[in-house]
Amino acid sequence: QVQLVESGGGSVQAGGSLRLSCAASGFSYYSSRCMAWFRQAPGEEREGVAAIDRAGSTTYADSVKGRFTISKDNAKQTLDLEMNSLKPEDTAMYYCAASSLKFDRCRVVPIPGQYTYWGQGTQVTVSS
């Protein structure tokens, strides 16, 4: 059974930092999958934040470029999101997602429909 479990969310003041982690289990060929972070604020649609492909190439939404860094450890099957210079508009539930093995268009800002497996989310709240 495949599973994605996020951790590391919390409450910070604007300008602060958080590091989110996602632990994957049960995946075959984890290293070959596109991995991504999404977020969803109350009343808003889920939006892609960042993606990383099998070679480690990364793509970011314009809203987080230069502030967030996505990384993964294939041996540990983990996915991280380092978030710096946080803003109140970054407040959302953050989700880790993995693609199917057939999907290879990782080098675009991720779209929810492109990803097959999802975690339950971790809440990030940024106060002004």
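Scope of the values below: all heavy atoms of this structure, side chains included, with no hydrogens, waters or symmetry mates.
- Cluster annotation: F27 and M35 are assigned to the same hydrophobic cluster (Ile/Leu/Val/Met/Phe/Trp/Tyr, side-chain heavy-atom contacts under 4.5 Å, transitive).
- Residues R33 and S28 have side chains in contact (heavy-atom distance under 4.5 Å, counting atoms from C-beta outward).
- Nearest approach of T91 to V126, heavy atoms of both residues: OG1-N, 2.8 Å.
- Salt bridge present: D90 and R67 bring a charged side-chain N and a carboxylate O closer than 4.0 Å.
- What you find for P88 and S128 is that their closest heavy atoms are CG-CB, 3.9 Å.
- Annotation for A92 and Q123: closest pair O-NE2, 3.4 Å, computed over non-hydrogen atoms.
- Shown here for S99 and Y115, the closest heavy-atom pair between the two residues is N-CD2, 3.6 Å.
- Residues W118 and L79 do not share a hydrophobic cluster, clusters being chains of Ile/Leu/Val/Met/Phe/Trp/Tyr side chains in contact below 4.5 Å.
- Under the 4.0 Å criterion applied to side-chain N and carboxylate O atoms, D53 and R107 are assigned as salt-bridge partners.
- Cation-pi check for K76 over Y30 is not met; the charged atom does not lie both under 6.0 angstrom from the ring centroid and within 45 degrees of its normal.
- To the nearest 0.5 Å, atom OG of residue S32 and atom CG of residue L101 are 6.5 Å apart.
- Scanning both residues, I70 and T58, for their nearest heavy atoms gives CG2-CG2, 3.5 Å.
- The hydrophobic cluster containing V64 also contains M83, counting ILVMFWY residues as joined when their side-chain heavy atoms lie under 4.5 angstrom apart, directly or transitively.
- Contact of the F68 side chain with the N84 side chain is not registered, since no non-hydrogen atoms from C-beta on lie closer than 4.5 Å.
- Crowding of R19 atom CZ: a count of heavy atoms from other residues, nucleotides or ligands under 6.0 Å exceeding 12.
- I111 and M93 are not part of a single hydrophobic cluster, where members link through side-chain heavy atoms under 4.5 Å apart.
- D73 and T78 share no donor-acceptor pair across their side chains, judged by distance under 3.5 Å alone.
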